[in-house]
There are 2 protein chains.
Amino acid sequence: MGVSIKEVAARAGVSVGTVSNVLNRPDMVKAETVEKVHAAIDELGYVPNSAAQQLREGQSRSIGLVALDINNPFFTDVARGAERAAALGRHTVLLANSGESIEREISNIEMFERQRVRGVLVSPLSEDLSRLRDVRKRGIPVVLVDRGTEDTSFPSVAVDDVAGGELAARHLLEGGRRRLAFVGGPMRIRQIIDRYRGAAAAVAAVDEATITSIETEALSLDEGMRVGGELRALVARGEIDAVFAANDLLAIGVQQGLLGGDDPVAIPGDVALVGYDDISFAAAAVVPITSVRQPRELIGETAVALLEEVRESESEPRHVVFEPELVVRSSSAPAPTA
Amino acid sequence: MGVSIKEVAARAGVSVGTVSNVLNRPDMVKAETVEKVHAAIDELGYVPNSAAQQLREGQSRSIGLVALDINNPFFTDVARGAERAAALGRHTVLLANSGESIEREISNIEMFERQRVRGVLVSPLSEDLSRLRDVRKRGIPVVLVDRGTEDTSFPSVAVDDVAGGELAARHLLEGGRRRLAFVGGPMRIRQIIDRYRGAAAAVAAVDEATITSIETEALSLDEGMRVGGELRALVARGEIDAVFAANDLLAIGVQQGLLGGDDPVAIPGDVALVGYDDISFAAAAVVPITSVRQPRELIGETAVALLEEVRESESEPRHVVFEPELVVRSSSAPAPTA
DNA sequence: TTGAAAGCGCTAACAC
DNA sequence: GTGTTAGCGCTTTCAA
């Protein structure tokens, strides 16, 4: 065990209460004593034990953020926003990675509950929120991040993914595209479903336009490349003239798949491409990728703000929905008017 | 406050000691009692308080990992390896992000010390290890990750970055390139210096070969793009025929910069490109990028193993050095023998 | 097989 | 201004 407050007190010739006061309310203590105590702290290399503080205070100073997949730059940006907002209230953000696995999501949430965090920010994988309701019942506030609001009893921050999907598809249609492919999955993830539904609605409004859904196993670069490679033949045969990928990781992979091999197709000549999230790699791709931007850091900041709101008052939980924004780049230039 | 072990005991009609035993050494307890206690736990929704456990045990079950920059896929892969190794001993990895800032690095390490973690894995930004020596003196073991071994009193895992730099430069030279540019920075980061030194050594061994160092402010995509754009003119004038970037984020940016604008140059026709780390985006770039691979997950696993070693015995700390490996892709095909 | 109780390090209420 | 002390939730020793 390290040095405790008791040893500091002995060394400085004061009581433990005084040491604690020096640390937490220095103005209550005579300047001279403050100095003596600080000297003792330095000599001994005292570092407070946060487990003891927390046990005493009944609450941790940390906020738990359960990310779907930490390898997706989208989430590290959300985390950064949350960190910034948390720092304002002298809180800390603990990041846990679910790696798109429901079991890990559950065990991460439980870990946070054992730690008695101030609250949990989570973009749940599963449709079943009963576990989160239990967590809340036990006194730990929960905020839904990047998630629709079927259950309006939780505060939530989200982006209108249906609108985002529409935005993407409408843009492709306006560019003269008619045979769309949607690439994304697994289809149990709410956000992915919404993006598809939005796109499908836009397509339904235009005569002769069609959309095919190609489900992927993960939202990863590799899956995108695989699908992109398979799409080459369809594009060459004219069966597909536009691809809407459910996120940018996929979109970048799809682009590589389309441009690769011995029979590459042209972007945007043969096929247009739109992604989602607007991560920095999207703008840096060979053919810069048009993408639906989400206000990533703002989502994180807002989630923390909603958490504090719900902690402070018993008022109705708020539901913040941001509007997505289309960032047009060269990957989706209009079809040649052939 | 949540439900405590006391309430569970009352509900089950047993003592708190028995509840604790049910949780931690169930075989010591009569089966019937075990059941009663579990029933009470379920009814009450009891979740143990880890602050109390930790205070009692004097140690946390967590290992702290201080990452230089969580937005670099390299570190999330190291983290994944560490998580896997930690899970074997039923430990957890806490991830903290320094964002290339020394102040944040310091405050992250202090946070971990307050939490009395089992140990800290860190790739320190600064050359000054005195703070880490203090941490160790107070009883928290420290392992240096991805870092040379000036101070051999800390266990360390690293990759031979000098050898990596040599590997990259020699490959470019063997491909007929003679006018190299090194892109990387800030130059106070040890790994970057080593990679440059290795490259410079290889260049010195070849007549008429030269290498120019272009220092960047960060190891980011944006900085790479900026430098890549500036390099276009030099390449066009024949002053540079190869670029070695200090990591893949930079390399990808450099590639975009070289291929962009109204006067793009050809890769590998006009200029060859080699990166470092072999992150997955490197293989997925327009022109797939040759890169020096580090065994990322293995680095994380080894760091955890070294931590447990140094905790268990007073023996000499070990220093593990992995050899880097060149992964050749099309961005560095030999120069046209013009 | 179980219960009672000490004590981990800290904060805050209270007494002086 | 400072000291004393109860008690946060838990594990573990000792006794029964």
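Letters A, B, ... are given to chains in the order of the sequence lines, protein chains preceding strands, and every chain is numbered from 1.
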Figure out the CD/C1' separation between Gln59(A) and dA12(C), and round it to whole Å.
17 Å
Does Ser4(B) reach a base, just sugar-phosphate, or nothing at all? Heavy atoms under 4.0 Å.
sugar-phosphate
Donor + acceptor pair across side chains of Arg136(A), Ser153(A) (<3.5 Å)
yes
In whole angstroms, the gap separating P of dA12(C) from CD of Gln54(A) amounts to 14 Å
Under a plain distance cut-off of 3.5 Å, with no hydrogens placed, do Ser101(A) and Ser98(A) share a side-chain donor-acceptor pair?
no
Show every donor-acceptor pair shorter than 3.5 Å between a side-chain atom in residues 42-50 of chain B and any protein atom, with sequence neighbours excluded, or say none if there are none.
| from | atom 1 | to | atom 2 | distance (Å) |
| --- | --- | --- | --- | --- |
| Glu43(B) | OE1 | Arg11(B) | NE | 2.7 |
| Glu43(B) | OE1 | Arg11(B) | NH2 | 2.5 |
| Asn49(B) | OD1 | Ala51(B) | N | 2.8 |
| Asn49(B) | OD1 | Ala52(B) | N | 3.3 |
| Ser50(B) | OG | Arg114(A) | O | 3.1 |

CG/Leu68(A) to CG/Leu219(A) distance, rounded to the nearest 0.5 angstrom?
8.5 Å
CD of Gln53(B) versus P of dG9(C): gap in Å, rounded?
17 Å
Do any N or O atoms of the protein come closer than 3.5 Å to N or O atoms of nucleotides 2-5 of chain D, and which pairs are they?
| from | atom 1 | to | atom 2 | distance (Å) |
| --- | --- | --- | --- | --- |
| dT2(D) | OP1 | Thr33(A) | OG1 | 2.5 |
| dT2(D) | OP2 | Lys30(A) | N | 2.9 |
| dT2(D) | OP2 | Thr33(A) | OG1 | 3.4 |
| dG3(D) | OP2 | Ser15(A) | N | 2.8 |
| dG3(D) | OP2 | Ser15(A) | OG | 3.1 |
| dG3(D) | OP2 | Thr18(A) | OG1 | 2.7 |

Nearest whole angstrom, please: distance from the C1' of dG7(C) to the CD1 of Ile5(A).
16 Å
Tell me which residues in residues 106-115 of chain A put a heavy atom below 4.0 Å from DNA chain C, sorted by number, or none.
none
Is Thr302(B) reaching over with its side chain to a backbone N or O of Leu298(B), donor-acceptor style, under 3.5 angstrom?
yes
Just checking, is any N or O donor in the side chain of Asp128(B) or Ser130(B) under 3.5 Å from an acceptor N or O on the other one?
yes
Take atom CZ of Arg25(A) and atom C1' of dC10(C), then tell me their distance rounded to the nearest Å.
12 Å
Nucleotide dC10(D), atom P - distance to CG of Asn24(B) in whole Å:
11 Å
Value rounded to 0.5 Å, distance of OG1 in Thr33(B) from NE2 in His38(B):
12.0 Å
Indicate whether any N or O donor in one side chain lies under 3.5 Å from an N or O acceptor in the other, for Arg80(B) and Asn97(A).
no
Atom CG of Leu55(B) and atom P of dA6(C): how far apart are they, to the nearest Å?
17 Å
Going by an N to O cut-off under 4.0 Å, is there a salt bridge joining Arg190(A) and Asp161(A)?
no
Between dA5(C) (P) and Lys6(B) (NZ): distance, integer Å
13 Å
Can you figure out which of dC10(C), dA12(C), dC10(D) approaches the side chain of Pro48(B) most closely?
dC10(D)
